[in-house]
2 protein chains.
Amino acid sequence: MRGMALEHAILVSLLEQPGSGYELARRFERSIGRFWTATHQQIYRVLKRMEADGWVTAEEIGQDGRPDKRSFSVTEPGRSLLVEWLRAPVQPEAVRHELAVKIRGAAFTDAAGRAALIGEVERYRAEHEALLARYLNGEKRDFAEINDDGQRLQHVVLRGGIAYERMLLDWLDDVLGTLRAL
Amino acid sequence: MRGMALEHAILVSLLEQPGSGYELARRFERSIGRFWTATHQQIYRVLKRMEADGWVTAEEIGQDGRPDKRSFSVTEPGRSLLVEWLRAPVQPEAVRHELAVKIRGAAFTDAAGRAALIGEVERYRAEHEALLARYLNGEKRDFAEINDDGQRLQHVVLRGGIAYERMLLDWLDDVLGTLRAL
DNA sequence: TCTTGCTATGCAACGAGTTGCATAGCAAGC
DNA sequence: GCTTGCTATGCAACTCGTTGCATAGCAAGA
């Protein structure tokens, strides 16, 4: 019961909306992926274990014109496991900020190397600018009117993503200024 | 040459200042740990591999009154490996934000569960408030006067940490407001 | 004297995450 | 007709990170 965190993200996602492994993988590429990444291989593997443990059940759904799928729902034991986990302390996150390592590493390269890094930071910045635009777009689309608590909670998490991206863009400008002034 | 990222963080740290595995582990608890976490077991294991690959060399240092240590420095091949890596694109980070999962999970628990989560968020907030205070303190201590490029780069990374913590505290207030209003 | 804590190093087992590959049917465009 | 791409599922091998444990000397305080 240590790591086992993908399980919880899957339980939340399936409680919000039952679905197949494939559908889950797509959600992890979109909304859930903002705060928890996972590949389809990982999801199928964990889903199988969760099914064996009785936290989720699958329903076979025959589709015409495309392969059958197995739609998963959360069982009562699964739900109470999640509720229990919600009460547990938040574990300190494992930080892994590659760009920060590169920036400190810039002290040990030459002018050409620093110029290349500046280019990389600019590219990275453009990516995150586009990401912020997508978030803001999604916010307008999905949260124009708020109807229930689930939506309110999804919205506050999205606001976190937006705040993060804005902070990041400001900091990247600071980084670019610093690198250019060396 | 895929993940292999702890290696780079170690190279940067050893270029900034040679040191033993133990000293590195302490640095990863402090400054480097702000953007890259690693345990001493991991560090020793990787250091051994890096030594075998010729990226670092060790010098035995006998100390009186405490165990001998092996102080590591970066070799020329190690340095050029780092410089090469600096030019490579920044990989997209694997996000893993447990608190966000819990917040969305709060939709599926009762009032008591939500109250417990609020308590957890408050505790988490207090932790990060203390962390911000430490960062600001370290900034005053270490960057009152700036003498070289290395310091300038370390400072901009620290400013990133400070900006992150400020953003996080604001967002946690938003989260607490949202949870209390449910 | 005994215990706690710090420096200093490391092994072994396990669990989680990544990468590459494989299958299979159907739809859409060239 | 052929290729590309999407839905849908999964295995196998590997690497990375975590956890628990072990050793050993010295310092400081109860």
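Chain letters run A, B, ... following the sequence lines, proteins first and then strands; every chain starts at 1.
- Comparing D:dT9, C:dA8, C:dA16 by their closest approach to the side chain of A:K69 singles out D:dT9.
- Using a 4.0 Å cut-off, no side-chain N or O of A:R26 falls inside it from OP1 or OP2 of D:dC6.
- When hydrophobic residues (I, L, V, M, F, W, Y) are linked wherever their side-chain heavy atoms come within less than 4.5 Å, A:V95 remains an isolated member.
- The distance from atom CZ of B:F72 to atom C1' of C:dA8 is 12 Å, rounded to the nearest whole Å.
- Residues forming a ring-ring contact (aromatic ring centres under 6.0 Å, His included) with A:Y124 (at least two apart in sequence, or on another chain): A:H128.
- Here the C1' atom of nucleotide C:dT9 and the CZ atom of B:R70 are 10 Å apart, to the nearest Å.
- Residue A:M50 contributes atom CE, which lies 17 Å from atom P of C:dG15 at whole-angstrom precision.
- Listed by chain and number, the hydrophobic cluster partners of A:V83 come to none, as no ILVMFWY side chain reaches under 4.5 Å of it.
- The interatomic distance linking A:L24 (CG) with D:dT7 (C1') rounds to 14 Å, in whole Å.
- For B:R123, the salt bridge (charged side-chain N to carboxylate O under 4.0 Å, His left out) test picks out B:E120, B:E127, with sequence neighbours left out.
- The aromatic rings of B:F143 and B:H155 lie parallel to each other, with less than 30° between the two planes, well short of the 60° mark.
- Regarding A:E23, its CD atom lies at a distance of 8 Å from the P atom of D:dT9, rounded to whole Å.
- Across the strands present, D:dT23 finds its partner in C:dA8; the criterion is a Watson-Crick or G-U wobble pair with both atom distances under 3.5 angstrom.
- Legend: residues meeting salt bridge (charged side-chain N to carboxylate O under 4.0 Å, His left out) with A:E122, ordered by chain and number and at least two apart, are A:R180.
- Proximity of residues 33-48 of chain B to DNA chain C (heavy atom under 4.0 angstrom from any strand atom) is restricted to B:H40, B:Q41, B:Y44, B:R45, B:K48.
- B:L6 places its CG atom 10 Å from the C1' atom of D:dG17, with the value rounded to the nearest Å.
- For the pair B:Y22 OH and D:dT23 P, the interatomic distance rounds to 19 Å; values are reported in whole Å.
- Note: CZ (B:R49) to P (C:dG10) measures 14 Å, nearest angstrom.
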